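Throughout, residue positions are numbered sequentially from 1 according to the sequence presented. From a predicted model like this one, the values you see are computed outputs, not experimental measurements.
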Amino acid sequence: MSEVLFVIGTVIHIYSFILLGRVLMSWIPMFTNRPLDPSNPLVKILLDVTEPVLAPLRRYLMIGMIDLSPLVALIGLQILGNAILSSA
């Protein structure tokens, strides 16, 4: 059972890095003055993998133009992942 919890905790931590990649990717247009190409495979994968978690949070965590959903998701995933790994 502890091996299963270890794998789940590890997957949660890997997903946190994927989510961080999505956040960093969203900053690229700010520095390059060009929008992201949605047909780029990396952009498409990051959007497809992270949007199911961020979309429900975004409904409640938008303050004006500021989207706090990635921050809340990252904190929640870190807490969940650490709790699972500490019990494994």
Side-chain angles (χ1 to χ4, degrees):
M1 183 65 173
S2 66
E3 294 86 15
V4 173
L5 290 176
F6 179 77
V7 170
I8 292 171
T10 303
V11 168
I12 288 172
H13 280 293
I14 291 170
Y15 189 79
S16 296
F17 284 110
I18 293 170
L19 193 57
L20 183 61
R22 159 92 186 251
V23 170
L24 295 175
M25 178 189 73
S26 72
W27 294 351
I28 291 173
M30 195 169 33
F31 296 112
T32 62
N33 293 323
R34 291 186 313 207
L36 289 173
D37 180 13
S39 65
N40 182 322
L42 182 60
V43 172
K44 184 162 177 44
I45 289 171
L46 285 175
L47 291 175
D48 290 346
V49 170
T50 58
E51 196 59 26
V53 171
L54 294 178
L57 293 174
R58 192 175 294 120
R59 285 185 291 185
Y60 304 105
L61 297 172
M62 286 290 292
I63 300 174
M65 293 292 292
I66 299 173
D67 182 9
L68 297 175
S69 60
L71 178 65
V72 171
L74 280 170
I75 291 171
L77 287 171
Q78 288 299 315
I79 291 170
L80 181 64
N82 288 336
I84 289 173
L85 286 175
S86 67
S87 67

Hydrophobic clusters here meaning ILVMFWY residues chained together by side-chain heavy-atom distances under 4.5 Å, can you tell me if [X] and [Y] are in one?
{"X": "Val53", "Y": "Ile14", "answer": "yes"}
{"X": "Ile45", "Y": "Val11", "answer": "no"}
{"X": "Leu42", "Y": "Leu54", "answer": "yes"}
{"X": "Val7", "Y": "Tyr15", "answer": "no"}
{"X": "Leu61", "Y": "Ile66", "answer": "yes"}

*Any side-chain hydrogen bond (donor to acceptor under 3.5 Å, both in side chains) pairs touching residues 25-38, not counting sequence neighbours?*
Asp37-Ser39

*How would you list all residue pairs meeting side-chain hydrogen bond (donor to acceptor under 3.5 Å, both in side chains) that involve residues 44-55, not counting sequence neighbours?*
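side-chain hydrogen bond (donor to acceptor under 3.5 Å, both in side chains) check on residues 44-55 returns Arg22-Thr50, Arg22-Glu51, Lys44-Asp48, Glu51-Arg58.
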
Interatomic distance, [X] atom [atom1] to [Y] atom [atom2] [nearest 0.5 angstrom]:
{"X": "Leu57", "Y": "Met62", "atom1": "CG", "atom2": "CE", "value": "12.5 Å"}
{"X": "Leu19", "Y": "Ile12", "atom1": "CG", "atom2": "CD1", "value": "12.5 Å"}
{"X": "Leu68", "Y": "Ile63", "atom1": "CG", "atom2": "CD1", "value": "4.5 Å"}

Give every donor-acceptor pair under 3.5 Å between a side-chain atom in residues 70-84 and any protein atom, sequence neighbours left out.
{"from": "Gln78", "atom 1": "NE2", "to": "Ser16", "atom 2": "OG", "distance (Å)": "3.2"}
{"from": "Asn82", "atom 1": "OD1", "to": "His13", "atom 2": "NE2", "distance (Å)": "3.3"}
{"from": "Asn82", "atom 1": "ND2", "to": "Gln78", "atom 2": "O", "distance (Å)": "3.2"}

*Is there a donor-acceptor contact under 3.5 Å from the side chain of Tyr60 to the main chain of Ser69?*
no

*asked:* With a 4.5 Å cut-off on side-chain heavy atoms, are Leu46 and Ile18 touching?
replied: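 A side-chain contact under 4.5 Å exists here.
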
